Amino acid sequence: MRKFYLLVVAVLAVQQLYSQTQDQNIEMKGLIAKEAKSFAKKMTAYNINPNTLNYDLQYQRMDVTLNPSVYNISGSVTSHFKPTQSMSSIYFDLANTLTVSQVQYHGSNLIFQQLPTKELKIDFPASLPANVLDSLTIKYAGPPDTANSAFATGTQNGNFILSTLNEPYGAQDWFPTKQSMNDKIDRFDFKITTPSQYSVAANGKLMSETSLPNGQKLTFWRTMYPTSAYLIALAITNFVKLNDTMGNPPFPFVNYLYPTSASNPSIMADIDWTKQIMNTFETYFGLYPFRNEKYGHMEFQYGGTCMEHQTMSSMSGWNKPVIAHELAHQWFGDKVTCGAWNDIWLNEGFATFGEHLANEKLLLTTPQFMTYLLGQKDNITSSPGGSTYVPDSKLGNIGDIFSGRLSYSKGAYVLRMIKWILGDTVFYQAIKDYHSRPNLAYNYAKTQDLNASLLQSTGKDFTEFFNDWIYGEGYPTYTIKWRQVGNQVTFKVSQIQSSPTVSFFEMPLPIKVTGTGGETAYFALNNTSNNQYFTESVSFPVASVQFNYEYQMLEKNSTVAQDNTLSTEELSIDQFSLYPNPAKNELYVKGIDKPTEYTIHFVDGKLVRKDKYQPNKPINISELVPGTYIFTIKEKNIKFIKH
C-alpha cells in the first residue's frame with residue numbers, strides 16, 4: 001500500500017544515513033499516522049462484493065476526456081467479461097456522483113440501475129451462459145466522488161494537475177469496475193483525451209500519442225499484465241518525460257516528472273539510484289515482474305504520499321528508502337497482492353523488508369544497519385500485544401490495518417526471522433518461488449498461501465510459526481544461563497511471553513560465544529520447550545555469551561548470565577521428549593525414569609488433566625478433543641497436537 005514520505009532532507013550524506021537509522025522509527029510513526037488519517041474516510045470493512053462474484057473481468061478499455069483544470073470525467077468504459085455461471089444481470093462498482101447515460105450491448109441499449117450501494121446493475125435481455133466471453137460498453141460522465149479522494153485536481157508549481165489514488169476502494173469513484181479482492185483485470189487500455197499541452201502517465205506501455213483537432217491530444221497506454229482495480233492509475237500535467245533503461249537485460253525505465261524535479265540534481269540522483277536497487281532486488285527477489293512494459297515513477301499532488309501503482313509508482317517526494325519500498329511492492333503487492341485486507345502484511349511487510357535489504361546491501365554500513373534493526377525491534381516490542389494479521393473485528397479500525405508497528409515493521413521482521421531459520425540462500429529462493437507459483441503469480445494470496453509455498457519450497461512447515469508470530473500477539477523474553485566445564489558449554493533457556501495468546505515461541509536462538517583470546521563460535525539453539533538445556537562443544541575458554549547478536553529475532557529484555565551452579569542432574573532432562581507428535585490415542589515420554597507429576601492444559605491456560613506419569617507406560621489421551629495442548633513435566637512445557 002501507499003507509503004507516506006516526509007521530506008526532511010534532500011540529500012543524505014554518510015552522517016545523515018547514520019542519523020536515519022536512529023530516527024527512522026520515529027519518522028515511520030509519523031508516516032503511518034498520516035497514512036491512517038488519509039484513509040479514515042476510505043476504508044470499508046469488506047474485501048469482496050458478493051454481487052460481482054459471478055464473472056471474471058478480463059479486459060477494460062477506458063476512453064475518456066480529462067482536463068486537469070476541470071474536476072470532471074466523461075466518456076466510456078468497455079468491459080470484456082466471462083460469466084462463471086448463468087447470469088441475467090451484471091454488477092459493476094460505480095459511484096453515484098457519476099451519471100450513466102447508456103449501456104451498449106451488441107448494438108442494443110440495455111436497461112440499467114444506479115443503486116444507492118454505489119453499484120451499477122445491468123440487466124440482459126436473456127440469461128448469459130457460463131464460460132462464454134462477452135462485452136458491453138458503459139457511457140458516463142460527471143464529477144468523481146470526493147469521499148475517497150481517489151480522483152484529484154490541483155496545481156503543482158502553478159500548473160494544473162490531475163491524478164488518481166484508488167487504494168483501497170476508490171476506483172469506483174471515477175470508472176465502473178470490479179474492486180473485489182478475488183479478481184484482477186487481465187488487460188487494461190487507457191485512451192485519454194486531454195488538452196495538447198499536457199502529458200498523461202499511466203500503467204503499462206505507451207502505445208501512441210496522437211494530435212487531435214481543437215488543441216486536443218489522445219494518449220494511449222496499455223498494460224497486458226493482470227492488475228487489481230486499486231492499482232489502476234494515471235496522472236496528467238506538464239510532465240518532463242525521461243526515457244531510459246535499467247536491468248540486465250535492459251527494459252524501459254520511464255519517469256514523468258515535474259519540470260522543477262527534472263532540474264533538481266538531488267532528486268535526479270535518487271531517481272538514478274533506482275537502477276541500483278532494481279539490480280539488487282532482481283538478485284534477491286527474482287526478475288522484475290513487469291519487464292515487458294516498464295518501471296518508473298510519475299509525480300502526483302497527494303502530499304506526503306507515495307503509492308506502488310503497477311509498473312509506475314506515484315511519488316510526491318523522494319528518498320532512497322521510499323523508492324526501495326515502492327519498488328519492492330512491484331513483486332509483493334502488485335504481482336502477488338494480498339487477498340484480503342486482513343493479510344495486508346503480505347504487501348507491507350514484504351515492502352518494508354525491501355527497505356531492510358536496501359539498507360543492508362546499499363545504504364548503510366554494518367554497524368548502522370544493526371542500529372536500524374535495533375530501532376525496528378524496539379518499536380515492534382514497545383507494546384506487549386497486537387497481531388500482525390488484522391482480524392475481521394478490526395477491519396473498521398484504520399490504525400489496526402495500517403499499523404506501522406505491526407503490518408509494516410513486524411511483518412518485515414517476521415520475514416527476517418524466516419530468513420534466520422532457513423538461511424539466506426534457501427530463504428531468497430523460497431520467496432522467488434512464492435511469487436512465481438502458477439496459482440499466485442499475478443494473482444492474490446493470503447497467509448496460508450505463503451505458508452503452503454514455504455512448505456513446498458523448503459519442506460518446513462511454518463504453521464506453528466505463523467500461529468505465534470502472525471495470528472498470535474506479543475514477543476518472548478528469555479533468561480539464558482550458561483556454564484563451561486572443560487570443552488562443554490551448557491545453556492539453560494527459560495522463556496516468558498508478553499501476551500497470553502501465545503503459550504510458547506518455538507525458535508532457533510542465535511548465540512555467539514566469545515573466548516578469552518577473541519575466538520568466536522556461533523550456535524542456533526532449537527528452543528522448543530521452557531527451561532530447556534543444551535550442550536555445545538567449545539574448544540576455548542569462554543569469556544562471554546551474546547544472544548540475538550545480529551537482532552535475528554524479536555524479543556525484549558532478555559538476559560544472559562554465567563551460572564556455575566547449573567546442575568548436571570538437571571541437565572539429564574535435556575534428553576526428555578514427548579512422542580508421537582501429533583498423537584491420536586497415546587503419548588509416550590522419554591527421559592523420565594521415575595514417577596513424576598505432569599499436567600495437560602489447553603493453550604489458553606485452562607487445566608485439562610493433572611496426573612502422575614509412570615515410567616515406560618503410555619499416557620492415554622483418547623478422550624481429549626482434537627486440538628493443541630501444553631504438556632508440562634518437571635517445569636518443561638511441550639506443545640502437542642491431538643488428532
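Bear in mind the structure is a predicted one, so any value in this text is a computation, not a measurement.
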Side-chain ion pair, [X] and [Y], N-O less than 4.0 Å:
X    : Y    : answer
K410 : E473 : no
D183 : K178 : yes
E550 : K512 : no

Exercise for review: Establish, for the pair K377 and Y551, whether the NZ or CZ atom is under 6.0 angstrom from the six-membered ring centre and no further than 45 degrees off its axis.
Suggested key: no

Review point. Centre of F462's six-membered ring, under 6.0 Å away, within 45 degrees of the axis: is that where NZ or CZ of K460 sits?
Key: yes

Determine whether the aromatic ring centres of [X] and [Y] lie less than 6.0 Å apart.
X    : Y    : value
Y372 : H356 : yes
F466 : Y389 : no
F350 : Y434 : yes
F188 : Y59  : no
Y549 : F547 : no
F631 : Y598 : yes
F285 : F332 : yes
Y629 : F602 : yes

Can you tell me how far the [atom1] atom of [X] sits from the [atom2] atom of [Y], to the nearest 0.5 Å?
X    : Y    : atom1 : atom2 : value
E536 : L525 : CD    : CG    : 6.0 Å
E355 : Y408 : CD    : OH    : 9.5 Å
M370 : N359 : CE    : CG    : 10.5 Å
F290 : K335 : CZ    : NZ    : 8.0 Å
N530 : K492 : CG    : NZ    : 9.0 Å
T596 : D611 : OG1   : CG    : 12.0 Å

Check your understanding: Parallel, tilted or perpendicular for F465 and W469, by the 30°/60° rule?
Key -> tilted

Does [X] use its side chain to pair, donor to acceptor, with the backbone of [Y] at less than 3.5 Å?
X    : Y    : value
N581 : K639 : yes
N182 : L53  : no
S453 : D449 : no
S407 : F402 : no
S499 : T501 : yes
N527 : M507 : no
T280 : Q276 : yes

Is there a donor-acceptor contact under 3.5 Å linking the side chains of [X] and [Y]?
X    : Y    : value
Q310 : T227 : yes
K556 : T477 : no
T528 : E506 : no
E555 : T381 : no

If you count every heavy atom of other residues, nucleotides or ligands that lies below 6.0 Å from [X] atom [atom1], does the total exceed 12?
X    : atom1 : answer
N439 : CG    : yes
K446 : NZ    : no
K481 : NZ    : no

Review point. Are the side chains of L373 and Y413 in touch, meaning some heavy atoms are under 4.5 Å apart?
Key: yes

Exercise for review: Give the intermediate values and the outcome of ring-ring contact (aromatic ring centres under 6.0 Å, His included) for residues Y288 and Y295.
Suggested key: CA-CA 9 Å; Y288 172 66; Y295 184 63; 5.7 Å; yes

Review point. When Y588 is tested against each of Y579, Y613, F640 for ring pair (Phe, Tyr, Trp, His ring centres under 6.0 Å), which residue passes?
Key: Y579

Only distances under 3.5 Å count here; give the side-chain donor-acceptor pairs of residues 417-430 to other protein atoms, sequence neighbours excluded, each with its distance to 0.1 Å.
| residue | atom | partner | partner atom | Å |
| --- | --- | --- | --- | --- |
| W420 | NE1 | P508 | O | 2.7 |
| Q429 | NE2 | D433 | OD1 | 2.9 |

